[in-house]
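What you are looking at is a predicted structure, and each value in this text was computed from that prediction instead of being measured. So that the names make sense, note that chain A is the first sequence line, chain B the second, and so on, each numbered from 1.
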Number of protein chains: 4
Amino acid sequence: MTLPTEPRKVRADARQNLDALLTAARTVFARSGVDAPAREIATEAGVGVGTLYRHFPNRAELVAAVFTSEIDATAAAAAELLAEHPPKEALDLWITRFTRFVATKQGLSDALRSGDPAFDALPALLMGKLGPALASLLDAAAASGDIRDDVDPLELLQAVGDLSHRAPSPDGTPNPMVRLLLDGLRTR
Amino acid sequence: MTLPTEPRKVRADARQNLDALLTAARTVFARSGVDAPAREIATEAGVGVGTLYRHFPNRAELVAAVFTSEIDATAAAAAELLAEHPPKEALDLWITRFTRFVATKQGLSDALRSGDPAFDALPALLMGKLGPALASLLDAAAASGDIRDDVDPLELLQAVGDLSHRAPSPDGTPNPMVRLLLDGLRTR
Amino acid sequence: MTLPTEPRKVRADARQNLDALLTAARTVFARSGVDAPAREIATEAGVGVGTLYRHFPNRAELVAAVFTSEIDATAAAAAELLAEHPPKEALDLWITRFTRFVATKQGLSDALRSGDPAFDALPALLMGKLGPALASLLDAAAASGDIRDDVDPLELLQAVGDLSHRAPSPDGTPNPMVRLLLDGLRTR
Amino acid sequence: MTLPTEPRKVRADARQNLDALLTAARTVFARSGVDAPAREIATEAGVGVGTLYRHFPNRAELVAAVFTSEIDATAAAAAELLAEHPPKEALDLWITRFTRFVATKQGLSDALRSGDPAFDALPALLMGKLGPALASLLDAAAASGDIRDDVDPLELLQAVGDLSHRAPSPDGTPNPMVRLLLDGLRTR
DNA sequence: CATGAATGAGCGTTCATTCAT
DNA sequence: TATGAATGAACGCTCATTCAT
């Protein structure tokens, strides 16, 4: 140790640590699920537990931080798809995208329904951001007569989530059951 | 050691304990989920933990034992329903029944996908018994032209399971998303 | 197997462990106060922490167990002293005895007023047993006109306790301040 | 105060921080006791923990600094009371004042006897300043024949302290046990 | 000088599992 | 065979304290 150099170490590396933590959390969540031991994440990030707790006083905040950017991007995609595609197509494409998001997030859906109070804030986060996005797509598709108009976006969101946590389907296509569900939406 | 003899007496009390354990496990699983503490189950059964471990060296065996009879009954119902109802109706009724089974089994579906090696044997159990049952229903309904013929019974089983662990819906009716899924099965 | 020997090891050494724990707790309480780490006590007793928790699910119960027998003995002494000595003398002797008890219990009085919910049950234990004992002595001494009759036994008990946790006074005599307090009790 | 030292600039801001820390510590000590987390105090003062540690390398120094002015004032009151009241009355009044001081200092007395080396310097501080003050009162009262002359002021100080940390008695009156103790002082 | 991010030991507590009886 | 006491690893979390900036 005590190398003469090292532009390394502290400074504004609070930021560095935060990044390291987010990255580590993403990795660990994927490997061991969202309720992996706090220490495992801290170690993976190369920091002490205290540092983890400093940045994220509770689990939900960490999970939220890890997924927030992707959630935002997914929500934003709704408007874009709607602008560039016919309603039902936009809906299907968005579901595909959402499906991919969920499939990647090993353990996210488990956490959502774990009932563990540590995750209480999570559903609100997801539903709050993605619910309206999906609602806009459903409204448009219903308006154009492609699908029925009695579908609760939140329920659908959960359902697709429940169906997608399996089978990360390498090509990114939603799995057959999701497609079946989408078929069920159609007006007959 | 391993004497070839004694096909006999299972020691009445051993049998009693086993029954007590199964009953207790059912109760506790319903109350606290399938990964409730081992001791909680033993206590509920009025036996020592050691006894629990003697009869069920690992969790999956206990879970399997607990659900086996119900699984069998559910599987058996397929033939009955098929005998008494038109194919598609039989299918819907059976799904309803299965739905109720899952909704009742607090934590079963979580366990199934927990990845925990303790539960490795479970999916095979369920799929092995219920898969064929559902397959027979699907075949009949497809043969009568009511539904498409490209649905994998195992996938459908899992899907309905995934959608049903929510909302125990007091009247026993499958929730809206399951109905949507069933709608998607229809030929168009 | 069933070798005829070794009366050693386990068996009813739950009892042995319990004794070891009580002894250890007494030692550790004396050394480090009643909120010494649980592990310290377990280690001192030569058992695992789990064993400590098995026997005493919470701190107050351990503390209570450690002190109960002595508390009982102290309470019982009141009647005896009253039978063999004039009231005021009995009172003084009992206070002396109580004083010795407290002085020995390093940290007991700290615990009593720590406000820590872990010790919530303790005051009731002490006051419940010793309060009536002291009350009987005060009543007798007041009846004989030796002391005033407006002294709350519980307050006095606490006061003597507060004054006695200091200065274990090797000869077992109450310290000067306790004597002053007792003087204050006298009718004038 | 009135130290003959440092006639030089104390860096106005350093002084400000110090004041802020003292005020904050007083507040926090009152709210959470003297072993409140260091960070809580620093935050309350609006400074970083580092600053706290710079000014007060250990807890006792902080506690000492916080209470010093009040201790001084209390000590000074002895002479004033003695000048304006008969000896025994002055003594009682001073005790009342001291009693109030202690009752206000949530946790001070606990700290004093915690044995924690962090507080080693505290007793000397208190005793050093208040001991002589009380001694002067005791001497006067003893000289006038009102009280006995064999009372150790330090012991009495501790005793009153021990009895006063309870029952902050809203009207500022010493509690009954303190009054009993004072009664015990009287010549008979 | 001040800051506050970082560290990591340490605590209470739970539970799966073993094994002497 | 049944029992349940014992074990101890593991976890979440808190803070005193240091030190790079």
Side-chain angles (χ1 to χ4, degrees), chain A residues 6 8-18 21 35-40 42-43 45-55 57-59 118, chain B residues 10-11 13-14 16-17 21 35-43 45-55 57-59 118, chain C residues 1-3 6-18 20-21 35-43 45-55 57-59 118, chain D residues 10-11 13-14 16-17 21 35-43 45-55 57-59 118:
Chain A
E6 59 212 327
R8 200 106 323 180
K9 279 255 92 175
V10 183
R11 211 193 28 182
D13 65 26
R15 181 65 214 177
Q16 274 180 10
N17 275 341
L18 205 156
L21 278 167
D35 33 47
R39 262 185 199 70
E40 185 178 346
T43 302
V47 305
V49 256
T51 304
L52 171 57
Y53 278 95
R54 157 178 293 275
H55 288 290
N58 61 63
R59 245 214 164 50
Chain B
V10 204
R11 275 286 227 77
D13 59 329
Q16 271 179 9
N17 277 342
L21 278 167
D35 31 48
R39 197 179 263 66
E40 186 178 344
I41 298 167
T43 302
V47 305
V49 260
T51 305
L52 170 57
Y53 277 91
R54 159 175 302 274
H55 287 291
N58 62 63
R59 240 205 170 55
Chain C
M1 307 17 189
T2 61
L3 293 182
E6 57 214 329
R8 200 104 324 180
K9 275 255 90 174
V10 183
R11 211 194 27 183
D13 67 27
R15 181 64 215 176
Q16 274 181 9
N17 276 339
L18 205 155
L21 279 167
D35 31 47
R39 263 184 198 70
E40 185 178 344
I41 297 167
T43 301
V47 304
V49 257
T51 304
L52 171 57
Y53 279 93
R54 156 178 293 275
H55 289 290
N58 61 63
R59 244 211 165 51
Chain D
V10 203
R11 274 284 229 80
D13 59 328
Q16 271 178 9
N17 276 341
L21 278 168
D35 32 48
R39 199 181 259 66
E40 185 177 344
I41 297 167
T43 301
V47 305
V49 258
T51 305
L52 171 57
Y53 276 91
R54 161 174 301 275
H55 287 292
N58 62 63
R59 242 206 169 55

With rounding to the nearest 0.5 Å, note down the distance linking OG1 in C:Thr51 to CD1 in C:Ile41.
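Interatomic distance, C:Thr51 OG1 to C:Ile41 CD1, rounded to 0.5 Å: 13.0 Å.
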
Taking N and O atoms by type only, does the side chain of C:Arg39 place a donor or acceptor under 3.5 Å from a partner on the base of E:dT13?
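Answer yes: a donor N or O sits under 3.5 Å from an acceptor.
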
Check each of D:His55, D:Gln16, D:Arg54 against D:Leu21 using the side chain to side chain contact (heavy atoms under 4.5 Å, CB included) test, and report the only one that passes.
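Of the listed options, the one satisfying the test is D:His55.
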
Euclidean distance, atom [atom1] of residue [X] to atom [atom2] of [N] [Å, nearest integer]:
X       : N      : atom1 : atom2 : value
C:Gln16 : E:dT21 : CD    : C1'   : 13 Å
B:Asn58 : E:dC15 : CG    : C1'   : 17 Å
A:Asp35 : E:dT14 : CG    : C1'   : 16 Å
C:Ile41 : E:dG12 : CD1   : P     : 8 Å
C:Asn17 : F:dG8  : CG    : P     : 12 Å
D:Glu40 : E:dG4  : CD    : P     : 17 Å
A:Leu18 : E:dG4  : CG    : C1'   : 15 Å

At less than 4.0 Å, is any side-chain N or O atom of D:Arg54 found next to OP1 or OP2 of E:dA2? Yes or no.
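Yes, D:Arg54 has a side-chain N/O under 4.0 Å of OP1/OP2 on E:dA2.
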
Within the pair B:His55 and F:dT1, is there a side-chain N or O less than 4.0 Å away from OP1 or OP2?
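Indeed not, no polar side-chain atom of B:His55 lies that close.
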
F:dT21: pairing nucleotide in any strand, Watson-Crick or G-U under 3.5 angstrom:
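For F:dT21, the partner nucleotide comes out as E:dA2, under the 3.5 Å rule.
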
Quick one: on DNA chain E, does B:Ala38 or A:Leu52 contact a more 5' nucleotide (nearest heavy atom)?
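That would be A:Leu52.
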
Quick check: on DNA chain E, is the nucleotide nearest B:Tyr53 upstream (toward 5') of the one nearest A:Gly46, or the reverse? Name the residue that is more 5'.
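Nearest-nucleotide comparison on DNA chain E picks A:Gly46.
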
At their closest point, which heavy atom of C:Val49 faces which heavy atom of C:Arg39, and how far apart are they?
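Between these two residues, the closest heavy atoms are CG1-CG, 3.6 Å.
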
Looking at every non-hydrogen atom in both residues, tell me the closest pair between C:Ala45 and C:Ala20 and how far apart they are.
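Closest approach of C:Ala45 to C:Ala20, heavy atoms only: CB-O, 3.7 Å.
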
Of the nucleotides E:dA6, F:dA6, F:dT7, which one has an atom closest to the side chain of C:Val47?
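Looking only at side-chain atoms, C:Val47 lies closest to F:dT7.
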
Of the nucleotides F:dA16, F:dC13, E:dA2, which has the atom closest to the A:Val49 side chain?
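It is F:dC13.
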
Starting from the 5' end of DNA chain F, give me the residue, A:Gly50 or D:Gly50, whose nearest nucleotide shows up first.
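Result of the comparison: A:Gly50.
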
